[in-house]
Protein chains: 2
Amino acid sequence: MPEPSEPPLRRVERKERTRRAILDAALDLSDESTLAAISLRQVAKQVGIVPTAFYRHFDSIDALGLALVDEAFASLRTMIRDIRRGDPALADIVDRSIGVLVDHVHLQREHFLFIARERAAGPPGVREAIRHQIELFERELAADLARLPGTDAWSDEDLRVLSNLIVTAMVATAESILSVAGRPDEEKQIVEQARTQLRMVLVGALNWRSKP
Amino acid sequence: MPEPSEPPLRRVERKERTRRAILDAALDLSDESTLAAISLRQVAKQVGIVPTAFYRHFDSIDALGLALVDEAFASLRTMIRDIRRGDPALADIVDRSIGVLVDHVHLQREHFLFIARERAAGPPGVREAIRHQIELFERELAADLARLPGTDAWSDEDLRVLSNLIVTAMVATAESILSVAGRPDEEKQIVEQARTQLRMVLVGALNWRSKP
DNA sequence: GGTTTCGGTGGACAGTCGTACACTGAAAGT
DNA sequence: ACTTTCAGTGTACGACTGTCCACCGAAACC
């Protein structure tokens, strides 16, 4: 049986392969503790390269962190694309959105963990990048909400405020799910709470009237 | 002029004084980066003691972290005591609660920063301690809400879910305020958003009916 | 007043840290 | 075929890490 892909790896491919290994190693190591607490040498050892070889790929651990932020949010974007797909006015929009969130938390567990940690404790540049990305999510959500029936009388400001509240609640839900990893009954409870919260917020929204 | 308090400091007092200095130094050092990323020697240097003297007060940096959690939440408890004081059914309950929160974030800035960071990125024991304390807050808030008019028909479960949502939003508000330190106009905007969010949630609550 | 307690000292240790430097060898470019 | 590029190597450095140990001196105790 012939190997399907054994052409002897071009140089750029080898480099990309090592770069991936570094990203994975950093993600793995920062799983316990923080990016700010892991050393270049630990990463290099885990990858199987000599410490100085690290610099062929990143200027510093901080730069590595920014690359991980990009990667993590790229996968998050596929998530909201999944949520957007389908009838936006569907009645079960709450259940479906939270379902997608839960699925992605499991599928991209390490990315969510990384963002949750570094959002609060990462290097300043990393924190700022994450904050910016979350703000983008809020803006997109506000635009989506504006297309929903019943929000005609809402001010832009109130749409943003509501989006911020929803995103905050969803981030907290993701963090809770991660913190009970491996205890499915507790997770079920958290998911059910998230559904109820989202419904409460939407009930509040439907009865809300923006100030003029 | 006679010095008011210069009796030559008893031993226990000296020890307590050093202990405080260690806690303050740790709080100060973890301001940039994390508890997990600071070293025993850094703390000792900042306090002005020799590294090994640290062990006279704490077994490890983690133990220090737990002490800081206790301290930070002790000051938070004075905050909710302030909020509770006064007519619980007052119409401006939202404005007053958020006002107290904002005041305390400024007064206890370092404690809030510490909790925000270590909640997500601290040593496991520290994370667990913080999570537990926040859960206690949720329980207390649920009890307070139960005494409010209009919640008679609410199930205990829904009260807890609502409390969780409110606490989550308030934690996020505190974090936002901390992240814009020194820019009063942005802070004003965040505070105004928090007020609106809390009102939205309460509108949702007043129109909510628990399932039987 | 003699003894005990104990917060703090100072030196030494085996590791780990980031980074500088000169290098190798194979792929890429010509 | 000859040269250049460059991911990865190996050594070496001074600085910093947690912790062990014997020691001090003044407050606390009896």
Side-chain angles (χ1 to χ4, degrees), chain A residues 3 5-26 28-68 121-126, chain B residues 3 5-26 28-68 121-126:
Chain A
E3 281 290 348
S5 70
E6 280 293 336
L9 278 240
R10 310 228 161 263
R11 189 142 80 179
V12 284
E13 296 170 327
R14 286 201 165 276
K15 178 161 187 181
E16 179 54 27
R17 198 165 138 277
T18 304
R19 188 188 141 97
R20 269 249 52 81
I22 292 176
L23 290 169
D24 290 343
D28 193 54
L29 285 172
S30 64
D31 237 42
E32 36 224 301
S33 95
T34 320
L35 196 71
I38 71 173
S39 70
L40 183 157
R41 286 180 111 102
Q42 283 173 24
V43 175
K45 179 182 282 186
Q46 175 132 339
V47 173
I49 58 177
V50 96
T52 45
F54 175 91
Y55 294 111
R56 301 288 181 200
H57 302 273
F58 301 99
D59 282 349
S60 63
I61 295 284
D62 283 16
L64 204 181
L66 290 177
L68 282 173
V126 171
Chain B
E3 280 292 347
S5 70
E6 280 293 338
L9 276 242
R10 311 227 161 264
R11 191 144 77 179
V12 284
E13 295 170 327
R14 284 200 167 278
K15 178 161 187 181
E16 179 53 28
R17 197 164 139 279
T18 305
R19 188 189 140 96
R20 268 250 52 81
I22 292 176
L23 290 169
D24 289 344
D28 192 55
L29 285 172
S30 64
D31 238 42
E32 34 224 303
S33 94
T34 320
L35 197 70
I38 72 173
S39 71
L40 183 155
R41 286 180 110 103
Q42 283 173 25
V43 176
K45 179 181 284 186
Q46 175 131 338
V47 173
I49 59 177
V50 97
T52 47
F54 175 90
Y55 294 112
R56 303 286 182 199
H57 302 273
F58 300 99
D59 283 348
S60 63
I61 295 283
D62 284 15
L64 204 182
L66 290 177
L68 282 174
V126 171

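Residue numbers start from 1 in every chain, and the chains themselves are labelled A, B, ... in the order their sequence lines are given, proteins ahead of strands.
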Candidates dA27(D), dT9(C), dG8(D) - which lies nearest the side chain of Thr18(A): dG8(D)
Side-chain touch Phe58(B)/Leu23(B), heavy atoms, less than 4.5 angstrom: yes
Under 3.5 Å: donor-acceptor pair, side chain of Ser39(B), backbone of Gln42(B): yes
Side chain to side chain, Val47(A) and Phe54(A), heavy atoms closer than 4.5 Å: no
d(CG, Asp62(B); P, dG18(D)) in whole Å: 12 Å
Under 3.5 Å donor-acceptor, Ser60(A) side chain and Ala63(A) backbone: yes
Residue mapping more 5' on DNA chain D - nearest nucleotide basis, Asp59(B) or Val12(B): Asp59(B)
Atom pair distance, as rounded to whole Å: CG in Leu64(A) and P in dG18(C): 12 Å
Integer-rounded Å distance: dG8(D) C1' and Lys15(A) NZ: 11 Å
Separation of atom NE2 in His57(B) from atom P in dC6(C), rounded to whole Å: 13 Å
Val43(B) side chain reached by Ile38(B) side chain, heavy atoms, under 4.5 Å: yes
Any residue meeting side-chain contact (heavy atoms from CB on, under 4.5 Å) with Glu16(A), in chain and number order, not counting sequence neighbours: Arg19(A), Arg20(A)
Residue Arg11(B), side-chain heavy atoms: nucleotide from dT5(C), dG8(C), dT19(D) that is nearest: dT5(C)
Bend angle of the helix from dG1(C)-dC30(D) to dC17(C)-dG14(D), from helix axes over five pairs at each end, nearest 10°: 10°
For atom OH of Tyr55(B) and atom P of dC20(D), their distance in whole Å: 7 Å
pair Arg14(A)-Arg11(A): side-chain heavy atoms closer than 4.5 Å: no
Interatomic distance where CZ belongs to Arg19(A) and P belongs to dA7(D) [whole Å]: 12 Å
Check: Arg56(B) side chain, dG8(C) base, donor-acceptor under 3.5 Å: yes
Nucleotide dG8(C), atom P - distance to CD of Glu16(B) in whole Å: 11 Å
The single option from Asp24(B), Asp28(B), Ile22(B) passing side chain to side chain contact (heavy atoms under 4.5 Å, CB included) against Gln46(B): Asp28(B)
Rounded distance in Å - CD (Glu13(B)) to P (dA27(D)): 12 Å
Residue pair Pro51(B) / Ala44(B): nearest heavy atoms and the distance that separates them: CA-CB, 3.7 Å
Sugar-phosphate, base or nothing in reach of Thr52(B), heavy atoms under 4.0 Å: base
Residue-level proximity of residues 39-51 of chain A to DNA chain C when a heavy atom falls under 4.0 Å: Ser39(A), Leu40(A), Arg41(A), Gln42(A), Pro51(A)
